[in-house]
Protein chains: 2
Amino acid sequence: MSSTQGAHAATQGARARARIEVTAAIKEEARRQLAAQGASKLSLRAVARELGMASSALYRYFPSRDDLLTALIIDAYDSLGEAAETAHTQVAGAAPAERWIAVCAAVRDWALAHPHEYALIYGSPVPGYSAPDTTVPAASRVWRLLIGIVRDAHRGNGVAQWKLSAEVTPEAERMAADLAPDLPPPVVAVLVAAFAQLFGLVNFEVFGQFHRVVEDRQAFFRHAAARLAHHVGLVFPQPTGTGDGAIKPGS
Amino acid sequence: MSSTQGAHAATQGARARARIEVTAAIKEEARRQLAAQGASKLSLRAVARELGMASSALYRYFPSRDDLLTALIIDAYDSLGEAAETAHTQVAGAAPAERWIAVCAAVRDWALAHPHEYALIYGSPVPGYSAPDTTVPAASRVWRLLIGIVRDAHRGNGVAQWKLSAEVTPEAERMAADLAPDLPPPVVAVLVAAFAQLFGLVNFEVFGQFHRVVEDRQAFFRHAAARLAHHVGLVFPQPTGTGDGAIKPGS
DNA sequence: ACAAAATCGAGAGCAGTGATCTTGCTTTGG
DNA sequence: CCAAAGCAAGATCACTGCTCTCGATTTTGT
């Protein structure tokens with residue numbers, strides 16, 4: 001039928017190829033409805049209607065509505081991860097603190113551009129259950145990115161001075177062993193917290209909690225992200241001065 | 001019918017009294033279903049069924065399902081605010097930093113005890129739109145609490161040393177004028193960010209994002225809340241030492 | 001190459017949902 | 001005491017997720 005019956009379509013029968021095409025079309029339309037009306041109004045029947053097929057036919061591709069949603073969740077994680085990675089590679093040469101901020105800003109930008117998909121992955125889980133383990137690899141891309149930045153800083157000299165009188169708790173050691181065995185446990189603990197706090201900032205902005213509170217949200221976020229970077233120990237290359245960040249809490 | 005028909009029920013006719021009783025019963029049953037299955041599975045018909053009334057009768061009390069939800073949202077904000085305030089008064093005499101941590105812990109505890117109600121107010125907005133302005137007063141109770149703590153610290157001597165080379169941005173001045181004119185703008189800016197970051201931590205924990213990452217979440221949260229307190233400038237009364245917090249980033 | 005097996009699309013149908021409308025009944029208030 | 005307003009119930013509409021069956025097509029085994 002279509003003109004795509006070229007020479008390189010030999011991988012498995014034409015039926016398998018049609019299957020992934022239809023699957024992609026379903027996800028595409030679903031994503032459109034998701035972006036338009038949100039996850040709660042995503043309707044299998046409406047997707048089928050828009051695609052000109054019977055609603056029952058959809059169940060050949062996704063066993064249930066929740067399965068469609070988890071597929072969209074994985075895609076959203078990947079989309080966010082890719083956006084973050086792209087932003088990161090574009091500032092690959094910069095200091096770790098700059099890279100940290102760039103990645104944070106990329107996360108924020110993506111979230112603001114795709115609020116409903118963001119809500120799908122970092123808002124409240126839609127029906128009430130948590131996503132299956134298949135989402136884990138896609139979800140950890142941003143994790144890896146930020147951990148890598150701190151690791152680079154730790155190896156190189158962009159590193160923080162962490163004169164840590166901070167106790168090495170057993171929990172911090174556990175997390176460090178799991179996530180980044182080459183980093184000092186207190187740094188890992190702070191990093192994990194910073195990760196959650198980053199998404200707290202994005203959450204408040206995307207979900208309108210900053211309405212009538214913060215106006216220049218771009219600048220506000222940048223400052224907060226910079227403080228977060230400073231918090232995990234990343235220092236900014238200072239043109240003049242002590243080499244410390246702009247904000248210096250404590251005595 | 002009930003035994004509550006005492007002498008002080010003279011306020012308005014018995015019909016008005018029945019109305020608020022039925023309204024309360026509806027909200028109670030709705031809250032039960034909400035806690036049991038989450039907001040997406042909250043069904044008007046099921047509530048009516050459980051209450052032994054026709055589904056259409058419910059619309060005399062709540063014009064739509066969303067109106068019921070917003071009523072629950074306001075209640076949830078109030079419940080959280082009350083829990084936080086109770087926790088705060090119980091440590092009224094303590095140092096600001098201790099009180100800060102107590103309030104943060106109360107927020108976390110409440111969220112873990114009422115995950116679905118928490119998701120209603122700090123997760124992604126259920127249908128896709130943000131709650132109307134009627135929720136604002138109830139929502140700001142925790143805000144006021146934390147601002148008050150920092151204000152107390154600023155007035156008293158539990159205060160932070162904020163040797164702020166931090167620039168006073170116009171946005172920070174705006175927020176300070178709106179939220180706490182008596183506080184230095186940079187403190188207000190950091191406070192607002194800390195607020196969002198606090199709920200980022202709670203979000204990750206309630207929504208399972210810390211699964212297989214953080215195990216001893218109680219201790220982890222306490223440390224993070226302490227760092228947040230330190231971040232907004234609150235210092236801990238140190239038995240011995242410099243008077244600084246346990247964690248000292250920067251040079 | 002041909003039959004058997006797996007896959008697919010469509011339709012009908014079930015149980016459930018939010019919301020509206022009409023019809024009587026009860027309480028209220030002049 | 002009787003009209004007016006508030007209330008509950010039933011029927012109904014348009015919609016949802018999901019299951020099942022039944023032909024038609026494709027793939028696969030021999």
Side-chain angles (χ1 to χ4, degrees), chain A residues 1-2 4-5 9-27 29-30 32-34 36-72 125-129, chain B residues 1-2 5 9-27 29-30 32-34 36-73 125-129:
Chain A
M1 314 304 178
S2 72
T4 60
Q5 204 182 15
T11 37
Q12 287 294 359
R15 210 65 230 164
R17 186 148 192 92
R19 183 168 231 286
I20 68 173
E21 266 182 22
V22 172
T23 304
I26 292 173
K27 287 206 290 187
E29 176 59 31
R32 170 165 24 253
Q33 291 195 15
L34 177 68
Q37 300 154 334
S40 66
K41 305 232 178 228
L42 202 172
S43 157
L44 274 189
R45 298 182 102 109
V47 170
R49 199 179 306 131
E50 212 70 20
L51 260 55
M53 48 168 39
S55 67
S56 57
L58 258 174
Y59 287 82
R60 301 271 172 203
Y61 300 88
F62 296 95
S64 87
R65 181 180 179 275
D66 284 351
D67 291 86
L68 213 195
L69 270 184
T70 58
L72 294 182
V126 187
Y129 74 14
Chain B
M1 311 309 174
S2 73
Q5 204 183 15
T11 38
Q12 286 294 358
R15 211 66 230 162
R17 184 152 192 90
R19 183 169 231 287
I20 68 174
E21 265 182 23
V22 172
T23 305
I26 291 173
K27 285 206 290 188
E29 175 60 30
R32 172 166 24 251
Q33 292 195 15
L34 176 68
Q37 302 152 332
S40 66
K41 305 236 176 222
L42 201 172
S43 156
L44 274 189
R45 300 183 99 107
V47 171
R49 198 179 308 130
E50 212 70 18
L51 261 55
M53 47 168 42
S55 66
S56 57
L58 260 175
Y59 287 83
R60 298 267 167 199
Y61 299 87
F62 296 95
S64 87
R65 180 180 180 275
D66 283 351
D67 291 87
L68 214 193
L69 269 184
T70 58
L72 294 182
I73 287 176
V126 188
Y129 72 11

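No experiment lies behind these values; they were computed from the predicted model shown. Per chain, numbering begins at 1; letters A, B, ... match sequence-line order.
Across all non-hydrogen atoms, the minimal contact from B:L44 to B:L58 is O-CD1, 3.2 Å.
Looking at A:R60, its side chain comes within 3.5 Å of the base of C:dG9 through a donor and an acceptor atom. Between the base of D:dA8 and the side chain of B:S56 there is no donor-acceptor pair shorter than 3.5 Å. For C:dG18, its base sits under 3.5 Å from the side chain of B:R45 at one donor and acceptor pair at least.
Summarising the geometry, the separation between NZ on A:K41 and C1' on C:dT17 is reported as 12 Å, rounded to the nearest angstrom. Distance CZ (B:R15) to C1' (D:dA5): 12 Å, rounded to an integer number of Å. When rounded to the nearest whole Å, the span between CZ of A:R49 and P of C:dA10 equals 14 Å. Rounding to whole angstrom units, CG of residue B:L68 and P of C:dG18 are separated by 10 Å. The separation between B:R19 atom CZ and C:dT28 atom P is 13 Å, rounded to whole Å. Between B:Y59 atom OH and D:dA9 atom P there is a gap of 15 Å when expressed in whole angstrom units. Put simply, CG on B:L51 is 16 Å from P on D:dC7, counting in whole angstrom units. Separating the CG atom of B:L44 from the C1' atom of D:dT16 is a distance of 15 Å, rounded to the nearest angstrom.
Side chains of B:D67 and B:T70: a donor-acceptor N/O pair is absent below 3.5 angstrom, by distance only.
Side-chain N or O atoms of B:R60 include none that pairs as donor or acceptor with a backbone N or O of B:R19 at under 3.5 Å.
Side-chain proximity of A:Y61 to the nucleotides C:dG9, D:dT27, D:dG17 is greatest for C:dG9. Closest approach to the B:A57 side chain among D:dT16, D:dC18, D:dA9 is made by D:dA9 (side chain taken as heavy atoms from C-beta onward).
Regarding contacts with the backbone of C:dT17, every side-chain N or O of B:R65 stays at 4.0 angstrom or more from both OP1 and OP2. Between A:S55 and the phosphate of D:dC18, there is no side-chain N or O to OP1/OP2 separation shorter than 4.0 Å.
Distance check: A:R65 CZ to A:R45 CZ gives 13.0 Å after rounding to the nearest 0.5 Å. The distance from the CG atom of A:L68 to the OH atom of A:Y61 is 12.5 Å, given to the nearest 0.5 Å.
Using a 4.0 Å heavy-atom distance criterion, A:L42 is classed as a sugar-phosphate-only contact. When heavy atoms are screened at a 4.0 angstrom cut-off, A:L58 is found touching no nucleic acid atom at all. Counting non-hydrogen atoms under 4.0 angstrom, A:F62 reaches nothing in the nucleic acid.
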